[in-house]
Amino acid sequence: MNTESLYQLIEPLLYLADPQKRIFIGYLIASALLAAWVLSRQAQPIKPLIQHCFSKKLWLHPSMLLDLKLIFFNNMLWLLLLAPFFGTQIALALSTKRLLVAGFGAGDMFQISALSISLIYTVVLFIADDFARFFVHYLYHKIPLLWRFHAVHHSATLLTPLTLYRVHFIEMIVNAMRSIFIAGIVGGLFIYLFDGKIAPLQILGISIFSLIFNLAGSNLRHSSIWLGFGKVEKWVMSPAQHQIHHSAEPQHFDKNLGVMIALWDRLFGTWLASENEKVTAYGIGRDVQVKQTLANHLTGL
Ligand SMILES: [Zn+2]
Ligand SMILES: [Zn+2]
């Protein structure tokens with residue numbers, strides 16, 4: 001095995017140094033600070049949480065071990081199956097532009113500043129991507145065959161920031177196709193309308209919206225720290241709302257499917273405020289015991 005393939009196999013460890021990943025060390029620190037603030041507001045001590053983060057009880061928990069196995073297993077599959085298709089997004093954007101030219105004639109119809117184009121592009125891409133994430137998630141919950149694969153994410157009985165990567169590889173492939181599709185279509189539309197002058201507002205290589213989301217405690221979504229946003233939840237999904245999404249209680253099933261924008265859940269009737277709710281257990285059902293092994297999850301649940 002050469003150095004490069006070894007490097008690729010341990011790639012998930014490098015997520016900690018990559019601002020494009022949710023478990024980037026900077027975002028973890030931001031979430032930890034928020035967690036400390038939440039605990040101090042609830043007059044709870046912080047020390048037990050710190051001890052828990054470094055305890056065997058956490059790192060050797062069967063649910064956590066499966067999270068870890070899936071991260072490395074999916075990374076390997078990604079390298080073998082999906083990496084060769086990386087160019088598709090640009091190809092799709094150019095095809096979209098060609099189609100628009102064929103259907104509506106030459107584009108480049110608006111003469112506005114490059115900064116304005118960047119601003120509009122960043123906002124449109126954020127809204128389109130957030131809706132696509134919501135809608136595909138909605139389908140995972142409503143179509144039994146898709147649920148079988150998505151249930152892998154929901155079978156976690158312990159939520160940690162790593163649970164984000166606990167997905168079946170079919171879901172990983174569908175999600176990658178969703179991102180490529182949205183970025184390709186929106187990119188193509190903007191190349192058409194503004195003659196290629198697109199450059200999304202980015203800091204550290206990620207969009208400003210993702211940066212705000214990640215600094216606002218995105219990692220607490222997969223944790224047991226209960227952070228609600230009060231009235232703001234009508235517009236922005238809170239970490240507590242995602243914990244409700246993982247609840248093992250039937251009244252919480254299929255609720256709060258959104259990532260950042262709460263409007264989609266409100267339109268589809270799946271929105272639930274965190275204010276009067278309490279989550280006592282995570283998983284796919286109170287009486288459903290799922291063996292936390294990789295073999296048990298490979299074909300879906
Ligand atoms: Zn779900
Ligand atoms: Zn989740």
Side-chain angles (χ1 to χ4, degrees), residues 12 15 21-23 27-28 31 35 58 61 63-64 66-71 74 129-176 178-179 210 213-214 216-229 233 236-262 264-272 274 277 279-286 288 290 292 297 300-301:
Y15 290 179
K21 302 287 180 193
R22 199 188 285 177
I23 59 164
Y27 307 145
L28 287 172
S31 294
L58 172 77
H61 190 286
S63 183
M64 171 68 128
L66 182 57
D67 289 5
L68 286 164
K69 283 177 204 162
L70 277 165
I71 291 172
N74 285 344
D129 188 59
D130 196 73
F131 175 72
R133 282 169 191 260
F134 165 84
F135 189 64
V136 171
H137 194 183
Y138 183 84
L139 297 180
Y140 279 129
H141 277 256
K142 297 295 174 188
I143 299 172
L145 178 68
L146 290 179
W147 167 252
R148 189 187 167 127
F149 301 117
H150 183 57
V152 170
H153 183 62
H154 281 271
S155 69
T157 52
L158 175 82
L159 296 188
T160 82
L162 298 180
T163 310
L164 173 72
Y165 302 101
R166 180 196 176 105
V167 289
H168 191 275
F169 67 87
I170 296 287
E171 178 167 350
M172 181 181 67
I173 293 169
V174 171
N175 290 351
R178 178 207 67 212
S179 295
S210 302
F213 174 69
N214 285 324
S218 64
N219 281 299
L220 298 183
R221 289 164 64 94
H222 295 116
S223 83
S224 51
I225 301 292
W226 187 259
L227 174 62
F229 288 165
E233 281 179 358
V236 182
M237 302 301 286
S238 73
Q241 283 180 295
H242 194 69
Q243 288 165 25
I244 290 171
H245 182 67
H246 277 272
S247 169
E249 299 291 347
Q251 72 269 25
H252 292 149
F253 290 174
D254 305 337
K255 295 286 186 231
N256 297 339
L257 299 145
V259 183
M260 284 179 257
I261 300 173
W264 320 128
D265 274 295
R266 284 163 60 200
L267 288 174
F268 282 73
T270 52
W271 183 83
L272 184 64
S274 69
E277 303 301 320
V279 177
T280 50
Y282 306 115
I284 53 178
R286 194 154 259 302
V288 186
V290 178
Q292 300 283 335
H297 286 73
L301 291 172

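Model, not experiment: these values are computed from the prediction. Indexing begins at 1, ligand by ligand and atom by atom, following the structure's order. FYI, side chains are in, hydrogens and waters are out, and symmetry mates aren't considered; it's all heavy atoms of this structure.
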message: Using 2.8 Å as the threshold, say whether any N, O or S atom from His137 sits that close to the Zn ion (ligand 1).
response: yes
- prompt: What's the atom name of the N, O or S in His153 nearest to the Zn ion (ligand 2)?
  reply: NE2
field: Apex the Zn ion (ligand 1) - arms NE2 from His154 and NE2 from His150 - angle rounded to 10°
entry: 90°
message: Let me confirm one number: the CD-CD1 distance from Gln243 to Ile225, rounded to the nearest 0.5 Å.
response: 8.0 Å
- request: Compute the centroid of each ring, for His168 and then for His297, and state whether the two points are separated by less than 6.0 Å.
  value: no
- request: I would like to know whether Thr163 and His222 meet side chain to side chain donor-acceptor pair (under 3.5 Å); could you show each step before the answer?
  value: CA-CA 6 Å; Thr163 310; His222 295 116; 5.7 Å; no
- request: Kindly say whether Val259 contributes a backbone atom to a donor-acceptor pair with the side chain of Arg221 at under 3.5 angstrom?
  value: yes
Of the N, O or S atoms in His242, the one nearest the Zn ion (ligand 2): NE2
Audit row: His137, His153, ring-ring contact (aromatic ring centres under 6.0 Å, His included) steps and yes/no: CA-CA 11 Å; His137 194 183; His153 183 62; 7.6 Å; no
task: Check whether any N, O or S atom of His222 sits under 2.8 Å from the Zn ion (ligand 2).
output: yes
